[in-house]
Protein chains: 2
Amino acid sequence: MAIPASEAQGRIRRFERLCQERGLPVTVQRRVVLEALLEAEDHPSADQVLAKVRQRVPGISQATVYRGLDLLVEMGLARKTCNPGRHCRYDANIHRHHHLVCDRCERMVDLEDPTLNDLPMPDRNLTGFHLVDYTIQFRGTCPDCLRAQHREGIE
Amino acid sequence: MAIPASEAQGRIRRFERLCQERGLPVTVQRRVVLEALLEAEDHPSADQVLAKVRQRVPGISQATVYRGLDLLVEMGLARKTCNPGRHCRYDANIHRHHHLVCDRCERMVDLEDPTLNDLPMPDRNLTGFHLVDYTIQFRGTCPDCLRAQHREGIE
DNA sequence: CTCCGTGCAAAAGGTTTGCACTGGT
DNA sequence: ACCAGTGCAAACCTTTTGCACGGAG
């Protein structure tokens, strides 16, 4: 969803600050990628961002946009709304259930919790969607990666 | 998550019935793909399913496994747990928010609903995960596709 | 017997990477 | 001036597709 202009300004400044902290140059290309994403109404694919960015910087290369997007995600200024990894995953569990996803290693495990299975469905009159089911994706760090992080902290 | 043997049997019979209804042959390959998925502990990628299937049917081709998985999804016997489409999508909205996803056209729109933003996080002592956030993905049909379906019903 | 599914291999499509040159700091 | 970023193109990886053969109904 498009970010309001007021907030977008702050987001761009935050981006510049984060770059400085890491000693990364704030290039036109990077800034334009961020701006394109802030203005997007939907959840654009990398290619859609590329198209939008090229309206402003015609010569920009695909690789630069991909790299710019990854940087934003790494900095916490954007989210990748797809699943971790490059491949599709399949699941034979077709009942309502939820997922715990590790941000670090991309592991995904099931969560069966009946207390989470009776959320009210968003009203069709408000959303326009006819919704039939839902899944909650919890994000965080899995046990293995927690241990690994802890070890890294010690070393 | 692995499906209990008792339920797996029923799932296989349901698969056979669905094939018959559609006049599709129940081949060894198709059955093995389903079995591999029912036995999987995690959310395997297509390639992981392929590896598992080849333990039992060494000569099976990659394409057959991909086709088998798609058939299962189409029949409602499995879920693709990745996002619609082949590409990653990006989102500049980094606050807690949720998604409405159309099963038909793969459109994804944001849902901001404060009443959905205070779900209890699963307990770390139970899951082992240190969870920091969550997103709810609602699945269904978007307004455009509802209209399209309606028109198809009339014709 | 007829089709459809399979296997093989090639194509497709999205993303990543190596390298020389350019541009920010 | 230095070092990282960019552009270009090739590589990579997952998924899809076309076609001839063989097996299911």
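Predicted model, so just to flag it, every value in this text is computed and none were measured. Convention: sequence-line order gives letters A, B, ...; per-chain numbering from 1.
When each of D:dG25, C:dT16, D:dG7 is scored by its nearest atom to the side-chain atoms of B:V26, the top-ranked nucleotide is D:dG25. Among the nucleotides C:dG5, D:dG7, C:dT15, the one closest to the side chain of B:L24 is C:dG5.
Looking only at atom types and distance, the side chain of B:Q48 has no donor-acceptor partner in the side chain of B:D42 under 3.5 Å away.
Atom pair A:R89:CZ and D:dC13:C1' shows a separation of 16 Å (rounding to whole Å applied). For A:H87 and C:dT15, the NE2 to P distance is 14 Å, given to the nearest whole Å. Between A:E16 atom CD and C:dT25 atom C1' there is a gap of 14 Å when expressed in whole angstrom units. The CZ atom of A:R22 sits 14 Å away from the C1' atom of D:dG5 (whole-angstrom rounding). When rounded to the nearest whole Å, the span between CZ of A:R31 and C1' of C:dT25 equals 14 Å. Rounding to whole angstrom units, CG of residue B:L34 and P of C:dG5 are separated by 16 Å. Straight-line distance from the CG atom of B:L50 to the C1' atom of D:dC13: 14 Å, rounded to whole Å. As a whole-Å value, the separation of A:Q29 CD from D:dC8 C1' is 14 Å.
Applying the 4.0 Å criterion to OP1 and OP2 of D:dT6, one finds that A:T27 has a side-chain N or O inside that range. A:Y66 has a side-chain polar atom (N or O) that falls below the 4.0 Å cut-off from OP1 or OP2 of C:dT15. Distances shown here put every side-chain N or O of A:T64 at or beyond 4.0 Å from the OP1 or OP2 atom of D:dG5. Taking only side-chain nitrogens and oxygens, B:Q20 never comes nearer than 4.0 Å to OP1 or OP2 of D:dG25.
When the nearest nucleotides of DNA chain C are assigned to B:R30 and B:Q62 by heavy-atom distance, the more 5′-ward of the two goes with B:R30. Summary of the strand contacts: B:P25 and B:A63 both lie near DNA chain D, and taking for each the nucleotide with the nearest heavy atom, the more 5' one is attributed to B:A63. Each of B:R54 and B:Y90 lies near DNA chain C, and the nucleotide nearest B:R54 is the one positioned closer to the 5' end.
In this pair, B:H98 and B:Y134 present their aromatic rings parallel. The plane angle is below 30°, not in the 30 to 60° band.
One distance of note links NE2 of B:H150 with SG of B:C145; it measures 14.5 Å at 0.5 Å rounding.
In terms of hydrophobic clustering, with Ile, Leu, Val, Met, Phe, Trp and Tyr side chains grouped at heavy-atom distances under 4.5 Å, B:L34 and B:I3 are assigned to a common cluster.
Nearest heavy atoms, A:R30 versus A:P25: NH1-O, 2.7 Å.
Note on B:R67: a base of the nucleic acid sits closer than 4.0 angstrom, heavy atoms only.
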